[in-house]
Amino acid sequence: MAVSAVHLESDAFLVCMNHALSTEKEEVMGLCIGEVDTNRIVHIHSVIILRRSDKRKDRVEISPEQLSSAATEAERLADMTGRPMRVVGWYHSHPHITVWPSHVGKNQSTPLPHQFHNFSFHCHGKLFQLVCLRHSFSTTDVRTQAMYQMMDQGFVGLIFSCFIEDKNTKTGRVLYTCFQSVQAQKGSEYERIEIPIHVVPHEAIGKVCLESAVELPRILCQEEQDTYRKIHSLTHLDPITKIHNGSVFTKNLCSQMSAVSGPLLQWLEDRLEQNRQSVIELQLEKERLTQELATM
Amino acid sequence: MAASISGYTFSSVCYHSANSNSDHEGFLLGEVRQEETVSISDTQISSAELLQVVEVHNHEPCAQLFSFYDYAGKVNDENLNRILKDRHKNVIGWYRFRRNTQQQMSFREQIIHKQLTQLLGVPDLVFLLFSFISTANNSTHALEYVLFRPNRRYNQRVTLHIPNLGTTSQQEYKVSSVPNTSLNYAKVIKEHGAEFFDKDGVMKDIRTIFQVYGALQDRVQAVCGEVEQNERVKEKFQEEVNKLKQQIALRKQKSAEEERRLQEAQNPEQRPTPEENSEPPETSLLSRVIFHTPSTPERLGPSANPPSYADLLSLQDDSLLPSLSSPTSAALLPRPQAVGSPGHPSPSPLGLNPSPAPSPSTPYLGNGDGSSSDSLDRQAAGQEDDEEDDDDDEDSSEYENLVSEVAQLPPVTASVLAQGRPAALSPDGDASVLGSQTS
């Protein structure tokens, strides 16, 4: 049965936005951690940014190690909060394209070879490799979501659409949507169910969200290192080609530092300053209210 | 003119706006610089153009509306200085976040902008307008943003770029060398190319840049740790302030009740009849909910039996919201933000949503609807006059309930979005490449 709504904590929303806006050339993705209450409302408390195993432009994959880490992270959050936290959904971005999850094209042929045992992502021998193929209007978002829901009916999908501009009015747009999949009849096409989603105010940024946010530069660097190591291990390259590849690595790392690490550090410093100011104001307000209460 | 804002600053504005139970505003800090662009035409005559580039580095959110101006739009210099402190010189613009409104500057905003331009001494002060709209069933939300140059003719709009990684794909790596049988070539590049590598065969530059990256990441972690501690301290103070406010509200309520009982006891024949009571208990309780909402709602636990989501969304009459007995929990519920409708019940299993006609809007909790705060303020101040309406019919109200049609929406959802937005604000079907790449 479909969930009735999704409540996304605003600090988790912040991390999703940061992640989605980090690149306009590729889709990014992550997992949502939270809980489902008795009213079938999914509460998302934090997100985990995922590495991309396949960096091709038109697909997004999750490695089994990351899925396992996500489960571990959910358990850690459960210990911290005393609540039954688990992976409750996934999110990914749609830069420059519509926010609506697309349906499977008839020529989609990439198999989904294995299946997870359960959504705590403890890999028991087999692993579930999620592939989100995207062509212009025939992606597998809905089908991917349906695969998740086979194991967890409460699993939800979020899409963040960004880097969209109306040239006539110079209006930029960022959209986010929530959905699940349903199959009207066995064997028929999967259809999308729209799920209400609300961003719930959370004035302070949680520890888990902050840790997720600063994980992005590390993930990007690891991806770059892994690729470079594979290239570097090729023995048939001449010195000029090796110098070229080394320069590409340097260039890409510089891009990451200037586009991600630098602005991230700047934002953290600004946040620190804003918080210091807020604390001063809150202290003054506390004193004022204490005095007011004392006179009553 | 070109303008850019980092994704982190942009997200931060969205975050502050999401936490706000009404409109949200603040200042944009950054710098404006001139870039010379040289274009060469077929006539071999190069022409240099100066391009003004506005870079937004960060933002200074205002804690509440009307923090530096009054209801008439008159800016208070003292309050402005208190907010900006020593960052006056860094202000390049200001921003406003509104829900369900047109993408145009309101009359008050124009008045404020003119004053800010003079007070801050920034001739080309910019204004960034965020507008938030949702589908009727709240499954999809859009945040639209426009950067205005109000001091230019026709209130010029400027594209706002969000610099990002661009492509991080590793397609630039070469997996093979260009075939070359020249012995001289091989000899020279081997001899001189060796300078680039250390004894382990790793490029020296890579080690160096990796050290830079490592140091930067360490610093990011360290500052993140400070921010985390700071957040907890702020959270703690906020909780204490909220508790004090609740205690004060409770005391006031008790004393008001005692006073009323006392009056009733002294003058029993003057006890008001239910028909004469001009303030129905539901309304007064609702008022108390609105004005005494804690600023940081506590989190509902799954065992707390939250009100039914369908109950919240399908409020049709004047009956109490199920959570009104507990103002704290009422504020915890997300704000319905759909335009004009009370929201949607849970979607049908086949994903076919009915197409409801616009119906009375769901009452917002804690001024979730920007119109509620401003309309109440306007009523209180009595500032709304006909002159404003006559001058600006198009943007007479900051809180007009107008939503654009998104053509790519499925028919069932598109039909519930009201018209009102200029047709030019068409959906994202013909999106263009946007954003500056730093590579």
A.B. asks: Between the side chains of B/E226 and A/R276, is the shortest nitrogen-to-carboxylate-oxygen separation below 4.0 Å, so that they form an ion pair?
C.D. replies: yes
A.B. asks: Using non-hydrogen atoms only, which part of B/I189 is less than 4.5 Å away from chain A: side chain, backbone, both, or neither?
C.D. replies: both
A.B. asks: Parallel, tilted or perpendicular: which one describes the rings of B/F210 and B/Y213, with boundaries at 30° and 60°?
C.D. replies: tilted
A.B. asks: Can you tell which of B/L29, B/V233, B/L147, B/N230 has the highest number of heavy-atom pairs within less than 4.5 Å of chain A?
C.D. replies: B/N230
A.B. asks: Where does B/K85 contact chain A at under 4.5 Å (heavy atoms): side chain, backbone, both or neither?
C.D. replies: side chain
A.B. asks: Looking at A/E269 and A/R271, is there a salt bridge between them, counting it only when a charged N and a carboxylate O are closer than 4.0 Å?
C.D. replies: no
A.B. asks: Between B/E228 and chain A, with a heavy-atom cut-off of 4.5 Å, which part of the residue counts as in contact: side chain, backbone, both or neither?
C.D. replies: both
A.B. asks: Which bit of B/Y185 comes within less than 4.5 Å of chain A, counting heavy atoms only: side chain, backbone, both or neither?
C.D. replies: side chain
A.B. asks: Against chain A, label B/F10 side chain, backbone, both or neither, depending on which of its atoms sit under 4.5 Å from a heavy atom there.
C.D. replies: side chain
A.B. asks: Picking from B/V220, B/I206, B/V223, which has the most non-hydrogen pairs under 4.5 angstrom with chain A?
C.D. replies: B/I206
A.B. asks: Using non-hydrogen atoms only, which part of B/S6 is less than 4.5 Å away from chain A: side chain, backbone, both, or neither?
C.D. replies: side chain
A.B. asks: Show, in sequence, the C-alpha distance, side-chain angles and deciding distance for B/Y173 and A/F249, and conclude whether the ring-ring contact (aromatic ring centres under 6.0 Å, His included) test is met.
C.D. replies: CA-CA 8 Å; B/Y173 288 110; A/F249 177 83; 7.4 Å; no
A.B. asks: Between B/E60 and B/R87 (salt bridge meaning N to carboxylate O under 4.0 Å), is one present in this structure?
C.D. replies: yes
A.B. asks: Does any backbone or side-chain atom of B/Q217 lie under 4.5 Å from a heavy atom of chain A? Answer side chain, backbone, both or neither.
C.D. replies: side chain
A.B. asks: Among B/H16, B/R219, B/Q229, B/H57, who wins on heavy-atom pairs under 4.5 Å with chain A?
C.D. replies: B/H57
A.B. asks: Write out all pairs satisfying ring-ring contact (aromatic ring centres under 6.0 Å, His included) with one or both partners inside residues 275-296 of chain A, taking only residues at least two apart or from two chains.
C.D. replies: none
A.B. asks: Heavy-atom cut-off 4.5 Å, strictly under: side chain, backbone, both or neither for B/V212 against chain A?
C.D. replies: both
A.B. asks: Taking B/E235 first and then B/R232, would you say they form a salt bridge - that is, a charged N and a carboxylate O separated by under 4.0 Å?
C.D. replies: yes
